Amino acid sequence: MEEIVVLIVGAGPSGLATSACLSVHSIPHIILEKEDIYASLWKKRAYDRLKLHLAKEFCSLPFKPHSPDSPTYIPKDMFVDYLDDYVKTFNIQPKYQRHVESASYDEADGKWRIEAKNVLTGGVEVYVAEFLVVASGENSGKYIPELPGLDSFSGETLHSSEYKSGAKYENKEVLVVGCGNSGMEIAYDLSNYGVQTAIVIRNPVHVVTKETVRVGMIFSKYLPIFIVDIMAVLMSKILYGDLSKYGIRRPTKGPFYLKATAGRAPVIDVGTVAKIKSKEIKVVPAISSIDGKKVLFEDGAEREFDVIVFATGYRSVANNWLKDFKHVLNETGMPKNDFPHHWKGEKNLYCCGLSRRGLFGVSMDASAIADDIKKVVTEKMNK
């Protein structure tokens, strides 16, 4: 059994940022990571053409801004290099291939007991920590919806986390399910390789440019959200016109309001809209059922596909191992407290990176958590 002041679960950007902030405060801690590498989502499960959707000033981790000569919208590989440098700078040394199986609060001694399976040895390691930080992220478990007949599909199915490039699917018929940023960008990438591409757009969604989001985030520091939303929607209408005739409906609430209140990000267009307008990418409604390679849609249409890519997002799986999750999370594995107080729970339990505000939110959470732990530790020492 190993005793430690702070234990962090997860070595993605949330865990790395929290570790760096704790190191600045000279607070002992360890990170347990189930994969064999840090930032596994970025290093193993990101498609090739991915770039950060927000400008670099909103995508740095604490104490290390991006270099002035880096592009405004940083490519995936460059961001991975940034994370590599971040780990070296703060000498972050996670314990890899530790699959946390349970974490519970011991009322008797007021500490957290964490049990983790060492995948390499097969043994179970026990840790006792005064503070526990859930940094396993919003994207810890891929989500694929249950669809009638999906098991009968005779083609290839994959989640967006497994998608790399459209080059693999040249001359095939591919259906992308999901119209968020990943789905729209994957559809664009497939079309660029001459793939016959269709995308399911079921729910209303805002479509904006990267610069609209950048300017909106800057203005939102000084103006009410509803004014920023009016500006963003007006710009979208000027640039794209009425997209409803192409199967893309706009929500009644504004993009920045939805992001702040529901965590629903607008789609940042990378060129997908132009391809939809030119019919290089076909918009289809929700799936009714699947029969072999045949997909039936809710409007009665049907079409055969070779591949289905599910860009249907992820789910937090922290509740699977965090037995006393109600001290900080709700039943869905997300913070029970509203922003901006979401990161702090009871019994010295914290969560980082679950605010649905991307890397900008990760940095805010990590700094707040480390500052709070420092305060508690200092007060305890002074008693």
Side-chain angles (χ1 to χ4, degrees), residues 49-60 72-74 137-139 143 160 176-188 199-277 281 283 285-286 311-314 332 334-335 338-340 342 353-365:
R49 62 161 284 111
L50 177 65
K51 290 184 179 181
L52 297 183
H53 292 130
L54 300 182
K56 64 183 178 181
E57 60 261 38
F58 302 109
C59 294
S60 61
T72 301
Y73 299 98
I74 297 175
E138 301 166 343
N139 301 332
Y143 171 71
S160 58
V176 179
V177 181
C179 59
N181 280 298
S182 293
M184 294 288 257
E185 190 159 353
I186 287 172
Y188 175 80
I199 182 170
V200 173
I201 299 183
R202 187 176 64 174
N203 299 317
V205 61
H206 285 287
V207 180
V208 296
T209 66
K210 288 183 176 181
E211 283 306 314
T212 297
V213 172
R214 186 184 187 187
V215 171
M217 291 183 72
I218 293 171
F219 281 4
S220 64
K221 296 178 182 179
Y222 312 103
L223 298 173
I225 288 293
F226 79 92
I227 294 179
V228 179
D229 275 337
I230 290 173
M231 295 166 58
V233 170
L234 177 60
M235 185 58 67
S236 178
K237 288 180 178 179
I238 292 172
L239 291 173
Y240 301 112
D242 180 12
L243 293 178
S244 62
K245 56 187 175 183
Y246 301 102
I248 303 174
R249 294 171 293 126
R250 184 181 291 112
T252 56
K253 302 293 185 181
F256 288 91
Y257 174 85
L258 288 175
K259 181 61 177 173
T261 59
R264 288 176 53 191
V267 167
I268 299 174
D269 182 41
V270 295
T272 313
V273 170
K275 285 181 172 288
I276 289 173
K277 287 183 174 181
I281 297 173
V283 174
T312 42
Y314 299 82
T332 66
M334 297 301 287
D338 294 333
F339 181 88
H342 60 283
L354 294 178
S355 68
R356 299 187 188 275
R357 284 168 171 77
L359 293 165
F360 183 68
V362 165
S363 293
M364 291 176 61
D365 291 353

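What you see is a predicted model; the values in this text were computed from it and never measured. Only this structure's heavy atoms are used, side chains among them; waters, hydrogens and symmetry mates stay out.
With values rounded to the nearest 0.5 angstrom, Thr72 atom OG1 is found 12.5 Å from Leu54 atom CG. To the nearest 0.5 Å, the span separating CZ on Arg249 from NE2 on His206 amounts to 12.0 Å. For the atom pair CE (Met334) and OG (Ser355), the distance works out to 8.0 Å, reported to the nearest 0.5 Å. A distance of 6.0 Å separates NZ in Lys275 from OH in Tyr188, rounded to the nearest 0.5 Å. Here OH of Tyr246 is found 10.5 Å from CD1 of Ile276. Values are rounded to the nearest 0.5 Å. Interatomic distance, CG of Leu50 versus CD1 of Ile74, reported as 11.5 Å (0.5 Å rounding).
Around CE of Met235, the count of heavy atoms belonging to other residues, nucleotides or ligands within 6.0 Å does not exceed 12. Applying the 6.0 Å contact sphere to CZ of Arg49 captures more than 12 heavy atoms from other residues, nucleotides or ligands. The local environment of NZ in Lys210 is crowded, with over 12 non-hydrogen atoms from other residues, nucleotides or ligands closer than 6.0 Å.
Listed by first and then second residue, the side chain to side chain donor-acceptor pair (under 3.5 Å) pairs involving residues 233-245 are Tyr240-Asp269, Asp242-Ser244 (not counting sequence neighbours). For residues 211-225, the pairs satisfying side chain to side chain donor-acceptor pair (under 3.5 Å) are Glu57-Arg214, Tyr73-Glu211, Thr209-Thr212, with sequence neighbours left out.
Using a 4.5 Å heavy-atom cutoff, the side chains of Val207 and Ile248 are in contact. Two residues are said to be in side-chain contact when any heavy atoms from C-beta on lie closer than 4.5 Å; Ile201 and Met184 meet this criterion. Looking only at side-chain heavy atoms (C-beta outward), Arg250 and Val233 come within less than 4.5 Å of each other. Considering only heavy atoms from C-beta on, Val283 stays 4.5 Å or farther from Val200 through its side chain.
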Decide yes or no on side-chain contact (heavy atoms from CB on, under 4.5 Å) for Ile218 and Phe58, but give the supporting numbers first.
CA-CA 10 Å; Ile218 293 171; Phe58 302 109; 4.1 Å; yes
Given Ile186 and Ser160, is the side-chain contact (heavy atoms from CB on, under 4.5 Å) satisfied, shown in steps?
CA-CA 8 Å; Ile186 287 172; Ser160 58; 3.7 Å; yes
Go through Leu243 and Lys277 one step at a time and tell me if the side-chain contact (heavy atoms from CB on, under 4.5 Å) criterion holds.
CA-CA 9 Å; Leu243 293 178; Lys277 287 183 174 181; 3.7 Å; yes
Side chains of residues 254-268: which donor-acceptor partners sit under 3.5 Å, not counting sequence neighbours?
unit_1, atom_1, unit_2, atom_2, d
Lys259, NZ, Arg356, O, 2.5
Thr261, OG1, Tyr257, O, 2.7
Arg264, NH2, Pro204, O, 3.2

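Smallest separation of non-hydrogen atoms from Cys59 and Leu52: CB-CD1, 3.6 Å. The minimum heavy-atom distance between Ile199 and Cys179, with the atom names listed, is CD1-CA, 4.3 Å.
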